[in-house]
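Notes to accompany the following structure.
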Amino acid sequence: MKKIIALALVAAGFAAAPASAQSAADTSTATANGSVTIIRPLTVTKNTDLVFGRVVQPRSGTGTVSIANNSNTTVAGAGAVALSGITTSHATFTVDGEGGQVVTVAIPSTFDLANGSNTITVTLSPDVGATETLSNALGAAGSKAINVGGSFSLPASQASGEYTGTFDVTVAYQ
């Protein structure tokens with residue numbers, strides 16, 4: 001009985017040996033490198049608001065109120081008049097992040113100013129495209145100014161009062 005068990009163990013050892021040698025011969029190894037580049041997070045800071053000032057509505061017809069993205073203000077047509085006393089301005093934003101990166105800027109084409117149920121739709125005019133991908137937009141220093149002007153039609157029937165509203169400027173790395 002001992003001889004049978006010993007022979008079985010020897011036979012098992014011979015049978016296993018070629019399999020081990022076979023798998024060692026079929027083994028291959030490759031090495032991969034790992035890396036990461038850490039960049040500063042993006043921030044958008046509003047510096048100034050879009051302020052149209054005080055405007056007298058026209059007696060009849062429709063006027064136009066505009067502030068260019070360089071702050072030139074125009075009130076025209078049908079007797080609409082801009083009053084002094086409130087400084088007008090285009091909206092300005094500063095985008096900060098990692099220099100040399102590609103970013104996408106998204107600015108809505110319009111937004112509403114409201115006074116209760118009365119609204120005025122403002123068409124925005126940024127100095128970048130409304131949705132634009134900018135290569136190296138932040139430059140080497142990692143900062144970019146964005147200017148946003150706007151315009152709206154002012155009909156004689158527009159209700160008087162203070163109109164307010166908001167719009168977002170969104171910037172994302174690509």
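Everything numeric in this text was worked out from a predicted model, so none of it was measured.
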Nearest 0.5 Å, please: how far is [atom2] in [Y] from [atom1] in [X]?
{"X": "His90", "Y": "Leu124", "atom1": "NE2", "atom2": "CG", "value": "13.0 Å"}
{"X": "Ile120", "Y": "Ser153", "atom1": "CD1", "atom2": "OG", "value": "10.0 Å"}
{"X": "Asn69", "Y": "Thr92", "atom1": "CG", "atom2": "OG1", "value": "11.5 Å"}

Taking the side chain as everything from C-beta on, heavy atoms only, tell me whether [X] gets closer than 4.5 Å to [Y].
{"X": "Leu154", "Y": "Val55", "value": "yes"}
{"X": "Val75", "Y": "Val81", "value": "no"}
{"X": "Glu98", "Y": "Ile38", "value": "no"}
{"X": "Tyr173", "Y": "Leu42", "value": "yes"}
{"X": "Val95", "Y": "Leu138", "value": "yes"}
{"X": "Asn72", "Y": "Ile67", "value": "no"}
{"X": "Ile107", "Y": "Ile146", "value": "yes"}
{"X": "Phe111", "Y": "Leu113", "value": "yes"}

Problem - Stepwise side chain to side chain contact (heavy atoms under 4.5 Å, CB included) test for Gln101 and Ile39 - result: CA-CA 9 Å; Gln101 301 300 309; Ile39 59 176; 4.2 Å; yes
Can you confirm whether the side chains of [X] and [Y] place a donor and an acceptor under 3.5 Å from each other?
{"X": "Thr121", "Y": "Asp112", "answer": "yes"}
{"X": "Ser143", "Y": "Asp96", "answer": "yes"}
{"X": "Asn47", "Y": "Thr94", "answer": "yes"}
{"X": "Thr110", "Y": "Thr123", "answer": "no"}
{"X": "Tyr163", "Y": "Gln158", "answer": "yes"}

Problem - Parallel, tilted or perpendicular: ring planes of Phe93 versus Phe167, cut at 30 and 60 degrees - result: perpendicular
Exercise for the section: For Ser151, check side chain to side chain donor-acceptor pair (under 3.5 Å) against everything at least two apart and list the hits. Expected result: none
Problem - Sidechain-backbone polar pair: Arg54 side chain, Ser84 backbone, donor-acceptor under 3.5 Å - result: yes
Closest contact, heavy atoms only, [X] versus [Y]:
{"X": "Ala156", "Y": "Ser60", "result": "CB-CA, 3.5 Å"}
{"X": "Pro58", "Y": "Gly63", "result": "CG-N, 3.7 Å"}
{"X": "Asp127", "Y": "Ala145", "result": "OD2-O, 4.4 Å"}
{"X": "Ser89", "Y": "Thr48", "result": "OG-CB, 4.4 Å"}

Exercise for the section: Would you please test Lys144 and Val171 for side chain to side chain contact (heavy atoms under 4.5 Å, CB included) and show each step? Expected result: CA-CA 11 Å; Lys144 176 168 181 58; Val171 181; over 6 Å; no
